[in-house]
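Chain naming here is simple, since letters A, B, ... match the order of the sequence lines and numbering starts at 1 in each.
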Amino acid sequence: MSDAPVSSPAPSSALSGTKSMDDIMALCKRRGFVYQASEIYGGINGFWDYGPLGAQLKKNLREAWWEDMIMIPCWGRKGPGGERVRCVPVETRIIQHPKVWEASGHIAGFNDPMVDDKETKQRFRADHLVGLFVPPGDASTHDELSRYLADDTLVPHATFVDGSPFEIFQRILEDKVLRKKLGLGNAKACFEGQTGGDKALLEIETRHGQRRAAVGYVPLTLLQKFNDKIPSPFTQMAGSLTQPRQFNLMFKTYIGATAGEDDIAYMRPETAQGVFVQFKNVVDTTRVKVPFGIGNTGTSFRNEVTPRNFTFRSREFDQAELEFFCHPSESVEWYKFWRDFRMEWWQSIGLKGENLILREHDKDELSHYSQGTSDVEYRFPFTAPGFGELEGIAHRGDYDLTQHQKHSGVKLDYFDTERGEPLPNGSPKGERYIPHCIEPAAGLDRGVLALLCEAYTKDASRPSPEIMKFHPRIAPIKAAVFPLVNKDGMPEVAEKLHGELSRRFGRQGFIETDAKQSIGKRYARMDEAGCPFCFTIDGDTLKDQTVTCRDRDTGAQQRIALDQVPAFVGEKLGVG
RNA sequence: GCGGGCGUAGCUCAGUGGUAGAGCGUCACGUUGCCAACGUGAAAGUCGAGGGUUCAAGUCCCUUCGCCCGCUCCA
């Protein structure tokens, strides 16, 4: 932490789980952090706006990310190879060629058909439905049974959703009670060695004698044709399942004024693909050398099934993503490097303590192409005692560049002039490869929400019980200047100091001043808004040129020289 | 999409079918001597929206929208 650019506030010991989300939401509205979108029209489900303080808070978070990831990556630290980390930005469009989303897998992956069981009110993904298929005639070979699964002609004898075909297969083998319930006699595994993840073969006894049966995924086409005949996985009764319904998680739009079906485009569900699509241009035009990163920030859209939990699962949200490209042999080292740095970074802006965790995904949780994924997770009041994801750091291998190379027909490999056997003239021969990619992908709106939840503090012993303890670096209001009373020359001194602080720090956040009402009330207002420091001009200021500096978190006061105030603020904000 | 809860001033909430209320906050004026001080005054509401019952609806009924909680979902 010694190279972190700013000093840290006192760690907050309060667990998020003990804070009230209702209180936090009320304060967010009252102080202008978060408003409901389109509120005067009744609001619109899944969308939230930021008020003045929220907008500045989010801007500070985005800029902290930009500074520490792009301009001076990792606070100037060296990467695993001993060189400084190098990153460049791009800014890519929300709307891309529709093929981008075919290549990335989002159009397929974000269109999961769902089925509801009308009896039990349960919903499941249609492609998770596993059936036990008992053919009417004899089907003794793997191929013959497989044909039934692909044929869409055989209605399953029973269905399941909580497991892979192989797991269901094992359950049927081992569970006598289940077999009885399904009207089956003895069962044993057959075709040893041919059982696999997506189908498995059983030898069973039924009323009609010895049969061979298959366990496999129920094809979608079969569900559409026979869904009134397919038994519910929850009751094994037919007739209670709905038709498979598309849940379109991609936002669709139309390009051009005479929009028709040919003009369909999609709003991006993540900013990362913009980087992969421009990878070749960045390499060709900016003299970057692997290893290096490309950062991209901006708005993304997902038609969440159920937007919930304040701004946590909004349908429109901002991301800050870095795609870091490296040689395959160094990728695991870089993955660990970024994983650890990103955790440290969130801690550096105030998410201290046990509410923040780094969670390494289990092997079976990983995408098929990933060699490692970690989440930085925060214990929100609404997830406690569980955690919600703020950022995912994924080892994506060469998956994305390979996909786009395949779909676009454009070569996306990289010629590394510093690798390969030395040539007779001493220079390396060079090596051509598709770089591996490490992706730290942060949610900015979730980050803001975590900062709000972490900052929110209720302290009944204080005259103003609600305090937003933002880290000075991200606090939307940086400082406030008050005349103790609105006379005797104090307002003039306050005005001068306010002007000076505004000139020096007004780019980082608001500098407030207020001469109305009691000093306690003015302090209290700043506590709720999360202003870390208040400077008060009093009678002594006129005599000895000192002011009171009041600390938000403790309420403690110290006197400092009037002309030292800008230096004091600069040091606390880390901008000298 | 299902089930439950809620929706009255900026916030927190009272409100028995019969005049729209309180506290806090906000603003103005006065006062002021370091923690939501005090006094006086003011602004602020289509009672979420639409329809119905009634002489009369914030209150009863129906529909709808939004928020919260639990399911479901989150490549």
Exercise. So what does A:Met490 touch, heavy atoms closer than 4.0 Å: a base, only the sugar-phosphate, or nothing?
Worked result: base

Problem set entry | Ring geometry between A:Tyr378 and A:Phe380 (parallel below 30°, tilted from 30 to 60°, perpendicular above 60°) | perpendicular

Exercise. Is it true that A:Asp375 and A:Arg359 have a side-chain N and a carboxylate O under 4.0 angstrom from each other?
Worked result: yes

Exercise. Does A:Asp488 or A:Phe382 map to a spot on RNA chain B nearer the 5' end, using the closest nucleotide for each?
Worked result: A:Asp488

Problem set entry | Ion pair check, A:Glu454 and A:Arg379, cut-off under 4.0 Å | no

For this session: Before accepting this row, confirm whether a basic side-chain N of the pair A:Lys543/A:Asp538 lies closer than 4.0 Å to the acidic partner's carboxylate O.
Result: no

Exercise. Contact class for A:Arg313 (heavy atom, under 4.0 Å): base, sugar-phosphate, or nothing?
Worked result: base

For this session: Find the partner of B:U12: check Watson-Crick (N1-N3 plus N6-O4 or O6-N4) and G-U wobble (N1-O2, O6-N3) distances, both under 3.5 Å, and reply none if neither fits.
Result: B:A22

Could I get a table of every N or O pair under 3.5 Å where one atom is in the protein and the other is in nucleotides 65-67 of chain B?
unit_1, atom_1, unit_2, atom_2, d
B:G66, O4', A:Gly42, O, 3.3
B:G66, O3', A:Gln36, NE2, 3.1
B:G66, O2', A:Gln36, NE2, 2.7
B:C67, OP1, A:Gly46, N, 3.4
B:C67, OP2, A:Asn45, OD1, 3.4

Exercise. Base, sugar-phosphate, or nothing for A:Arg550, non-hydrogen atoms under 4.0 angstrom?
Worked result: base

For this session: Would you indicate what A:Glu270 reaches in the nucleic acid, counting non-hydrogen atoms under 4.0 angstrom: base, sugar-phosphate, or nothing?
Result: base

Exercise. When you compare B:U31 with B:G41, how far apart are their C1' atoms, in angstrom units rounded to a whole number?
Worked result: 15 Å

Exercise. Got a donor-acceptor pair under 3.5 Å from the side chain of A:Arg31 to the base of B:G10?
Worked result: no

For this session: Could you name each residue pair satisfying salt bridge (Lys or Arg N to Asp or Glu O under 4.0 Å) that touches residues 512-524 of chain A, not counting sequence neighbours?
Result: A:Asp514-A:Arg525

For this session: Give a yes or no on whether a salt bridge exists between A:Arg446 and A:Asp318, defined as a side-chain N under 4.0 angstrom from a carboxylate O.
Result: no

Problem set entry | Any donor-acceptor pair under 3.5 Å from A:Glu316 side chain to A:Phe301 backbone | no

For this session: Go through the N and O atoms of the side chain of A:Thr548 and the base of B:C34, and report whether any donor-acceptor pair is under 3.5 Å.
Result: yes

Exercise. Separation of A:Asp23 atom CG from B:G25 atom C1', in whole Å?
Worked result: 16 Å

Report each atom pair, protein N/O against N/O of nucleotides 37-47 of chain B, whose distance is under 3.5 angstrom.
unit_1, atom_1, unit_2, atom_2, d
B:A37, OP2, A:Ser518, OG, 2.4

Problem set entry | Presence of A:Lys516 side-chain N/O under 4.0 Å of B:A28 phosphate oxygens OP1/OP2 | yes

Problem set entry | Nearest-Å distance once atom C1' is located in both B:G3 and B:C24 | 36 Å

